[in-house]
**Student:** 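Structure provided below as structure tokens; questions to follow.
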Amino acid sequence: GMDNKIRVWEPFTGSPLAVFSDHNSLVGLLQRRGKRLVAGSTTDGAVSIWDCDRLQRAGHIERAHLSSITSLDHNRYAIVTGAEGCIKLW
């Protein structure tokens, strides 16, 4: 089920490496960038960028949208759409 955490697993052994739990609401979307970074969006409109090598948050946008985030693309920039119908580039 969904919760407010992002879990990082070691792919070969299946053992947990980290749990990123600083989100205030449900994590709905994840987007990986390269081998290191993961972007996660939440139902309260926030986006966090996590560094999987350092096992810490690398960036955060508290109110990327006023409502739930409906899509997320994280390449050089974060492109985020919200349920209110807006597209934002961060």
**Student:** Test question: given the 4.5 Å side-chain rule for I, L, V, M, F, W and Y, name all other residues clustered with Leu30, or answer none.
**Tutor:** Ile6, Val8, Leu17, Phe20, Val27, Val38, Trp50, Leu55
**Student:** The criterion is side chain to side chain contact (heavy atoms under 4.5 Å, CB included); which residues satisfy it with Asn4, sequence neighbours excluded?
**Tutor:** His23
**Student:** Excluding sequence neighbours, so at least two apart, what forms side chain to side chain donor-acceptor pair (under 3.5 Å) with Glu84?
**Tutor:** His65, Ser67
**Student:** Which residues satisfy the side chain to side chain donor-acceptor pair (under 3.5 Å) test with Arg57, sequence neighbours excluded?
**Tutor:** Ser48, His60
**Student:** Mark yes or no for whether Thr81, through its side chain, and Ser71, through its backbone, hold a donor-acceptor pair below 3.5 Å.
**Tutor:** yes
**Student:** Could you work out, with side chain to side chain contact (heavy atoms under 4.5 Å, CB included) as the rule, every residue matching Ser25, not counting sequence neighbours?
**Tutor:** Thr42, Thr43, Asp44
**Student:** Please enumerate all residues that pass side chain to side chain contact (heavy atoms under 4.5 Å, CB included) together with Leu29, with sequence neighbours excluded.
**Tutor:** Ser41, Ile69, Leu72
**Student:** According to side chain to side chain contact (heavy atoms under 4.5 Å, CB included), who are the partners of Lys5, at least two apart in sequence or on a separate chain?
**Tutor:** Asp3, Arg7, Val19, Ser21
**Student:** Any side-chain heavy atom of Val80 sitting closer than 4.5 Å to one from Ile87?
**Tutor:** no
**Student:** Identify the heavy atoms of Leu37 and Ala58 that sit nearest to each other, and give their distance.
**Tutor:** CD2-CB, 4.5 Å
**Student:** Quick one: list whatever passes side chain to side chain donor-acceptor pair (under 3.5 Å) with Ser15, sequence neighbours left out.
**Tutor:** Thr13
**Student:** Strictly by side-chain hydrogen bond (donor to acceptor under 3.5 Å, both in side chains), give each pair with a member in residues 27-40 just once, sequence neighbours left out.
**Tutor:** Arg36-Asp51
